[in-house]
There are 2 protein chains.
Amino acid sequence: MASHDTTAFLDDLAGLLGKRGLLRDPDAMARYISDWAGDRLGMPLAVARPASTEEVAEVVTLCRRHGIRMVPQGGHTGLVAGALPEADGGELVISLERLNRIREIDPVNFTMSVDAGCVLDTVKQAAAEHDCDFPLSLGAQGSCQIGGNIATNAGGLNVLRHGMMRQLVLGLEVVLPDGRIWNGLHALHKDNRGYALDQLLLGSEGTLGIVTGAVLRLCPRPEQSRTALLGLPSVEAVVALYGLARRGCSDLLTAFELIPRRCIELAMEATPSLRDPMDAAHPWYVLMEVDATGPVDLDAMVEQLVERGLEGGLILDGVLAASEAQAQQLWQFRESMLEGQRRRGEHLRTDISVPISAIPAFVEAAGRAVTAASPHAEIIAYGHVGDGNLHFNVLPPAEMAEADKRDHLHDLEERIFAVLDDFDGSISAEHGIGRTKQAAYLARLSPVEHELAEGIKALFDPEGLMNPGRILPPR
Amino acid sequence: MASHDTTAFLDDLAGLLGKRGLLRDPDAMARYISDWAGDRLGMPLAVARPASTEEVAEVVTLCRRHGIRMVPQGGHTGLVAGALPEADGGELVISLERLNRIREIDPVNFTMSVDAGCVLDTVKQAAAEHDCDFPLSLGAQGSCQIGGNIATNAGGLNVLRHGMMRQLVLGLEVVLPDGRIWNGLHALHKDNRGYALDQLLLGSEGTLGIVTGAVLRLCPRPEQSRTALLGLPSVEAVVALYGLARRGCSDLLTAFELIPRRCIELAMEATPSLRDPMDAAHPWYVLMEVDATGPVDLDAMVEQLVERGLEGGLILDGVLAASEAQAQQLWQFRESMLEGQRRRGEHLRTDISVPISAIPAFVEAAGRAVTAASPHAEIIAYGHVGDGNLHFNVLPPAEMAEADKRDHLHDLEERIFAVLDDFDGSISAEHGIGRTKQAAYLARLSPVEHELAEGIKALFDPEGLMNPGRILPPR
């Protein structure tokens, strides 16, 4: 496969990284080349596993000298094939997994300095040991890495209170596409010096450089929390209840998840130990959580909200977790419903956002568009109400032949996006563009924005070797 | 003054903007050409006052055609001469003041769309009418404009809870230096499409384009608040109390201001109706505020904190405001101390940040450095503890001749910054770089960061006509 040139490159790389630092055997590379959902496969030239920022810089310099395309990779849990190598065998995967040191924790400054390859759960645990919390919360937190969270500006469950990764990073260390190290590792909560280069790197999906370290912002560790699962009659009621909750729970509302009845059923299918949470089935559910430090009466807060919701006919029934174990059980519905969905085989996953006020109208209009084109398709719309972020997913008709599903789902996606355009929504609220969302992204990009994006890419990566073809097409 | 070319330009401009839209009379231009502190004066070619985004675009296009340098200007309350025209008569001030429309408020989405020329107080009032709050809070809020807040990534009093302007903007409309309008006015809480161009514009101080509109993020309007002024023995105690407050007040702590005894005295000098707030004088004070919506017992929260602070010897004495009027009186100290400082004539104003944990050591080391060089100078260090942001200011020795003060203060500034470098601090936490902080900024800029900053400027503004010489030197 490797040409004369790549052989020389790989020899240099092996000399640089040693045996532990370079993988070329297909079996050893397996876990770096299939994406999370398992439906896409790539084949890289090799997998480099540098062990320090300096080694990352040396690998990048070597790639540049040989004209080798690079794909930075964290925990490889992305959903848009941004860190998945092409199948042409020409890209070098650069895994950050060996840069996994917690560098420093300063609980007085509420900051933590980490290597990019630290797993999110590890970071959260390290914070907890200092009575702090790193509030980013994702399904993939057991394997996703901080560097990937930064590169994709990760979101998740607690964004309505704590913001996305963009709000949780104070400083960055980055290896630029020319191999130079940019050290912006400041532990400062306020810093208005010049252009926000760090903000540009955040969410750039590895196309402008490789994040090797970061200073993260911490919060006090919550001392108490309350979790409730509520049954509601309509999406309108969900949005109205969100307004009450946002106002009635001060800034202590941590999660407010929309779950349709179908997802409760999918969860119970996937996890048979789960029982239907209320006596009756309700068309929509909300899984909400509040947490606090200090003397706040969260019971009173939740009770008042539920009372108002019941009075106003917004809430039909509900379950308040009486213990941490019960709270985890309620969250189990949120996790198991994803597994239930996965078991249904190939389906359409979207990640859209609209203004919160537009959620009901969007759900209705997009639902109509899907049903008109595919009467037996099954819509599963869940998401983060406080962010206007819906995963408006579709299971194809049960009777459809496997071979027809992909095209059919793609057609439905385009119909959903067309509805989304009427609401000035985003085709990617939190997952990013990568490769799978690129066509839909480019189709909606204004010429001026496209030109600026190309200019930024060319400024950082004039040779186009750093994660090429992600976000923007390769040059 | 105007050459043949500028005459043709001014004629074109007059034709475009009409009488109300163009000022050339020195008297009429007066308020656009002296900066807030009154110690710097500029002289522009003229002041353009376009009334719409399209007019801004036409003015920019005209400037570009004639090679005229542009200085965008909001409320002109900046502190680093970023919006002050040069004295050479060659720059066109483009004031956004006539773009002052609240475009739309969506209280369900917690967003507001505004023209860039809206005054911050107007925006806050408009939000309040919909039971919402726009939480940016600055001394200059009665005259500063949203566009300027965006261009400078404004900070202020409530950053520890609500973040800087960067965290409060969801979408931007910008006239680029080539006259094209970039419409990024999305009202989406989550949007991960491509590079964060809006984040790059935020804090770019008018050097990459002119912000003409924005979508702002709102919060629920607080239903209750508590304000306390506390006396403390040391800066160490202040930082320790901040840790207790951050943990004990959940995410409801809105302000935590450090005030030295000298500032209480300056406030009483400036506002004779103010009485010494406690029986004894204390070396340091903290002015803190918590606020909430919903059923939270703020009295219990503050009482518990004060009790713990007293027990631990962190708090010596304190005043809790029993009414809104009393709270305003306590805040009066914070405002009047600035006036008291101003009355002392020329003095050094800094705007630095360090990690919160480093505040005590920095205050001591910087104090030593100042006193060693100028034993009779008076140090006034106040600021926002939760942001690690200090205004470490110096009044020159009373006996010093006026003519010597500027150089002396500049020397002291360099000594303070040298200490700051040991703490990896920022020479500009919230005010920006503009022109007055440029030398100190460039002296500390790494080559790689400098090159990227120049590249970004060249990408957006290849002709170097948009607020040239601010942040970076003119080309």
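A note on names: the letters A, B, ... follow the listed sequences, proteins ahead of strands, and every chain is numbered from 1.
Residues A:Leu200 and B:Ile456 form a side-chain contact, since some pair of their non-hydrogen atoms from C-beta on lies under 4.5 Å apart. Residues A:Asp424 and B:Leu185 fail the side-chain proximity criterion, which asks for heavy atoms closer than 4.5 Å. Looking at heavy atoms from C-beta onward, A:His162 lies in side-chain contact with B:Asp251 at the 4.5 angstrom threshold.
Neither the backbone nor the side chain of A:Ile359 comes within contact range of chain B, judged by heavy atoms closer than 4.5 Å. Both the backbone and the side chain of A:Arg247 have a heavy atom closer than 4.5 Å to some heavy atom of chain B. In this structure, chain B has heavy atoms under 4.5 Å from both the backbone and the side chain of A:Ile433. For A:Asn389, the part sitting under 4.5 Å from any heavy atom of chain B is the side chain, from C-beta outward, and nothing else. If you measure heavy-atom distances from A:Gln304 to chain B, the contacts under 4.5 Å come from the side chain alone. If you measure heavy-atom distances from A:Asp351 to chain B, you find no contacts under 4.5 Å at all. Proximity to chain B (any heavy atom under 4.5 Å) is shown, for A:Ala292, by both the backbone and the side chain. Residue contact with chain B, scored on non-hydrogen atoms closer than 4.5 Å, involves the side chain of A:Leu188 exclusively. Only the side chain of A:Asp106 comes within contact range of chain B, with at least one heavy atom under 4.5 Å from a heavy atom of that chain. Neither the backbone nor the side chain of B:Leu305 comes within contact range of chain A; no heavy atom of the residue lies under 4.5 Å from a heavy atom of that chain. Of the atoms belonging to A:Met164, it is side-chain heavy atoms, and not backbone ones, that fall under 4.5 Å from chain B. Residue B:Ile181 touches chain A through its backbone alone, counting heavy-atom pairs closer than 4.5 Å. With a threshold of 4.5 angstrom between heavy atoms, B:His450 does not approach chain A through any atom at all. Contacts between A:Leu252 and chain B at a heavy-atom distance below 4.5 Å involve the side chain alone, from C-beta outward. Heavy-atom distances place the side chain of A:Val159, and not its backbone, under 4.5 Å from chain B. Neither the backbone nor the side chain of A:Leu298 comes within contact range of chain B; no heavy atom of the residue lies under 4.5 Å from a heavy atom of that chain. Neither the backbone nor the side chain of A:Thr111 comes within less than 4.5 Å of any heavy atom in chain B.
Contacts with chain B (heavy atom to heavy atom, under 4.5 Å) involve these residues of residues 217-225 of chain A, listed by number: A:Cys219, A:Pro220, A:Arg221. Scanning residues 165-179 of chain B against chain A with a 4.5 Å non-hydrogen threshold yields B:Arg166, B:Gln167, B:Leu176, sorted by number.
Rounding to the nearest 0.5 Å gives a distance of 2.5 Å between OG1 of B:Thr207 and OH of A:Tyr195. Distance check, rounded to the nearest 0.5 Å: OH of A:Tyr242 to CG of B:Asn109 gives 9.0 Å. Interatomic distance, B:Ile356 CD1 to A:His189 NE2, rounded to the nearest 0.5 Å: 4.0 Å.
Here B:Gly294 is the residue among B:Ala358, B:Ser446, B:Gly294, B:Ala458 with the most heavy-atom pairs under 4.5 Å with chain A. Note on A:Gly194, A:Cys249, A:Gly163: by heavy-atom pairs under 4.5 Å with chain B, the leading option is A:Gly194. Per-residue heavy-atom pair counts under 4.5 Å with chain A were compared for B:Lys457, B:Glu449, B:Met301, B:His431, and the maximum is reached by B:Glu449. Interface remark: of the candidates B:Gly184, B:Gly243, B:Ala453, B:Gly386, B:Ala453 forms the most heavy-atom pairs closer than 4.5 Å to chain A. With respect to chain A, the highest number of heavy-atom pairs below 4.5 Å among B:Leu208, B:Ile352, B:Val296 belongs to B:Leu208.
Checked by atom type and distance alone, the side chain of A:Ser357 never pairs as donor or acceptor with a backbone atom of B:Val108 at under 3.5 Å. In this structure, B:Asn192 contributes its side chain and A:Asn153 its backbone to a donor-acceptor pair below 3.5 Å. Checked by atom type and distance alone, the side chain of B:Thr293 never pairs as donor or acceptor with a backbone atom of A:Gly248 at under 3.5 Å.
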**Message:** Before you tell me yes or no, could you show the steps for B:Glu451 and A:Arg180 under salt bridge (Lys or Arg N to Asp or Glu O under 4.0 Å), namely the whole-Å CA-CA distance, both residues' side-chain angles and the distance that decides it to 0.1 Å?
**Reply:** CA-CA 12 Å; B:Glu451 192 182 308; A:Arg180 285 188 296 180; 3.0 Å; yes
